[in-house]
Amino acid sequence: MDTSFDNLPFRPADILLPQDCDYDKWSVVACDQYTSQPEYWQRVEERVGRAPSALRLILPESSLDGPQVEMDIMDINATMARYVREGRFKTLPGAMIYVERVLHGGKVRRGLVGMADLKDYDYEPGSDARIRATEGVVMPRIPPRVAVRKNAPIELPHAMLLADDPGRTVIEPLAAQTDAMELLYDFDLMEQGGHIRGWRLGEEQLAQVSGALSALADPAAFNAKYGTQGQPVMLFAVGDGNHSLATAKECYERQKRLVPPEKWDALPARFALCELVNLHDGSLEFEPIHRVVFHTEPDALLDALIRAFPGSRRGRRPEGDGLPLGYVHAGGEGVITLPPSAAHMPLGALQDFLDRYLMDHKGRVDYIHGEEVAREFAARPGDIAFLLPPMDKRALFPTVIHGGALPRKTFSMGEPHDKRFYLEARRIR
């Protein structure tokens, strides 16, 4: 492996690629998408049929609370072992893959597949790790994910790390060098996923990437960039897959308890495969994640929200100073304007309220990408949607550096069909 990455938290990996199969059936979208749209996963099931597929190696989050979840997890781990035993994968030792993803709308998102060092990642609030979570991790969501991963022989990543690289020094220069790299895949993704191509970096490209990352990781340059003094470097922010990476970290900590400290660094679980993307990539758009509360009493919920924040106002549009929260349900739509003291952003106030309210009242909240989908749900009696504003992506790094992680599900990097599709894999045991 290239030793120039030894002091960096992102490095080449022994990457597994499926072989002797149809990639357009193998590759499926991240498991945390379409959680309230089971018809999506049914279409994927029908398309894949009996073909080898990553669909057999993941558990869609919509199934996490299913009655057969323990059997599902056992089947997944057994299929992983069978695919490995059958030679379903070929190994690319010490590899990084440059990826060009043509999204459904035509824009191209460029990324770099490698592995993150979990020793340099921390999801705890106030962390000074070089890889930091961008949103609060919901601890009750970790155990069911650990159950899926803890005995798995391989991992398939959907986590995406973000680098704040306005000079476009790390990933973008690779676009002009694809003729000097080995083309690994080139195919259409299902369900409006667009098109994807990937090239294996050569020695020259690896040296180029490590040099650019080392420059970004320079403490003096970091502190000058963000107007700080003596602050530890935050090199990467977790853009997608916060809970996935937190789960990998927990599994690594569990394995450390089983072996002496001198073996910790050699554990395969120390690393997690992921894709690195530049925050300033022209295709990268931060979309709001709306809240839909199902099976509740919308007017009672709204009344409780107003009581929870004295000074709130309810109307057709925002009123005066304050934090506007748009809502829609079968009985109509409007805006609750919370007082300025409620929170630093509307989402924080709303999320705290919903967490408390649903402890004592009926209802279930889900996190929905796309205003149109949220409105469709809200049109049904007993459901209500809160429509959130988008976040300026340029504020992400300064906000996390100065204020810590954002409220959970603050933003989404694109629409659900633009999320990362499973393709590459890596041994973790």
Side-chain angles (χ1 to χ4, degrees), residues 1 10-23 25-32 48 50-61 63-64 66 68-97 113-119 121 142-159 184-185 198 241 243-260 263-275 420-429:
M1 182 178 293
F10 183 76
R11 59 184 67 184
D14 293 344
I15 297 176
L16 305 178
L17 276 183
Q19 58 184 351
D20 302 326
C21 65
D22 295 329
Y23 273 14
K25 292 184 179 180
W26 174 273
S27 195
V28 300
V29 80
C31 65
D32 58 349
V48 167
R50 299 177 63 85
S53 176
L55 181 63
R56 308 301 173 209
L57 309 179
I58 65 165
L59 183 65
E61 290 203 2
S63 302
L64 275 179
Q68 303 294 326
V69 65
E70 292 184 3
M71 289 297 299
D72 291 340
I73 292 171
M74 292 176 62
D75 287 344
I76 288 168
N77 288 338
T79 304
M80 286 180 173
R82 177 166 60 83
Y83 279 6
V84 171
R85 186 172 62 250
E86 293 174 348
R88 181 61 60 193
F89 299 100
K90 61 180 178 182
T91 303
L92 307 177
M96 277 187 171
I97 300 176
V113 178
M115 63 183 184
D117 190 341
L118 297 175
K119 289 174 59 178
Y121 162 72
I142 301 302
R145 289 161 178 76
V146 169
V148 177
R149 185 182 177 95
K150 66 180 180 180
N151 295 317
I154 61 174
E155 64 172 350
L156 290 87
H158 73 260
L184 298 173
Y185 48 78
H243 287 86
S244 174
L245 215 56
T247 299
K249 176 78 169 184
E250 175 61 23
C251 288
Y252 173 49
E253 295 298 327
R254 287 178 175 225
Q255 288 198 26
K256 283 167 59 177
R257 293 195 285 269
L258 301 176
V259 299
K263 295 186 177 181
W264 289 356
D265 284 355
L267 289 171
R270 170 185 160 187
F271 299 95
L273 205 63
C274 54
E275 182 176 346
R420 193 165 203 283
F421 274 58
Y422 297 109
L423 178 55
E424 303 88 356
R426 176 180 160 272
R427 289 181 181 269
I428 56 174
R429 298 186 69 83

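Just so it is clear, the values below take in all heavy atoms, side chains as well, and ignore hydrogens, waters and symmetry mates. Predicted model only: the values in this text are computed from it and were never measured.
Looking at heavy atoms from C-beta onward, Asp32 lies out of side-chain contact with His243 at the 4.5 angstrom threshold. Contact annotation: the side chain of Glu61 approaches that of Arg145 to within less than 4.5 Å [non-hydrogen atoms, C-beta and beyond]. Contact check for Leu92 versus Leu184: side-chain heavy atoms found under the 4.5 Å cut-off. The closest side-chain heavy-atom distance from Cys274 to Phe10 is below 4.5 Å. The side-chain heavy atoms of Leu423 and Val113, taken from C-beta on, include no pair separated by under 4.5 Å. Here the side chains of Val146 and Arg254 are in contact, with some heavy-atom distance below 4.5 Å. By the 4.5 Å heavy-atom criterion applied to side chains, Ile154 and Phe89 are counted as neighbours. A heavy-atom distance below 4.5 Å is not found between the side chains of Gln19 and Leu17.
No close placement of the Trp26 and Tyr185 rings is indicated, their centers lying 6.0 Å or farther apart.
Between the side chain of Arg426 and the backbone N or O of Pro268 there is at least one donor-acceptor pair closer than 3.5 Å. For the pair Tyr23 (side chain) and Pro18 (backbone), a donor-acceptor distance under 3.5 Å is present. Looking only at distances, no side-chain donor or acceptor of Trp264 sits under 3.5 Å from a matching main-chain atom of Gln255. Not a single donor-acceptor pair under 3.5 Å links the side chain of Thr91 to the backbone N or O of Leu16. Within the 3.5 Å criterion, the main-chain N or O of Met80 finds no donor-acceptor partner in the side chain of Arg56.
Residues Arg420 and Ala159 come closest through the heavy atom pair CD-O, 4.3 Å. Closest of all the heavy-atom pairs between Ala425 and Leu156 is CB-CG, 4.1 Å. Between Arg11 and Met96, the shortest heavy-atom contact is C-CE, 3.4 Å. The two residues Pro153 and Asn77 come nearest to each other via the heavy atoms CD-O, 4.3 Å. The two atoms that bring Ile142 and Ala246 nearest to each other are CD1-CB, 3.8 Å, heavy atoms only. Among all heavy-atom pairs drawn from Leu273 and Glu155, the shortest one is N-OE2, 2.7 Å.
For the atom pair Glu424 CD and Glu275 CD, the distance stands at 7.5 Å (nearest 0.5 Å). In this structure, the separation between CD on Glu70 and CG on Asp72 is 10.0 Å, given to the nearest 0.5 Å. In this structure, Arg82 CZ and Asp75 CG are separated by 10.0 Å, a value rounded to the nearest 0.5 Å.
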Inset, instruction - Just do the side chain to side chain contact (heavy atoms under 4.5 Å, CB included) check on Ile58 and His158 with the steps written out, would you? - result: CA-CA 11 Å; Ile58 65 165; His158 73 260; over 6 Å; no

Audit row: Arg427, Asp14, side chain to side chain contact (heavy atoms under 4.5 Å, CB included) steps and yes/no: CA-CA 8 Å; Arg427 289 181 181 269; Asp14 293 344; over 6 Å; no

Can you check side chain to side chain contact (heavy atoms under 4.5 Å, CB included) on Leu245 and Leu118, steps first, answer last? CA-CA 8 Å; Leu245 215 56; Leu118 297 175; 4.3 Å; yes

- request: Test Arg270 against Asp117 for salt bridge (charged side-chain N to carboxylate O under 4.0 Å, His left out), laying out the working first.
  value: CA-CA 6 Å; Arg270 170 185 160 187; Asp117 190 341; 2.7 Å; yes

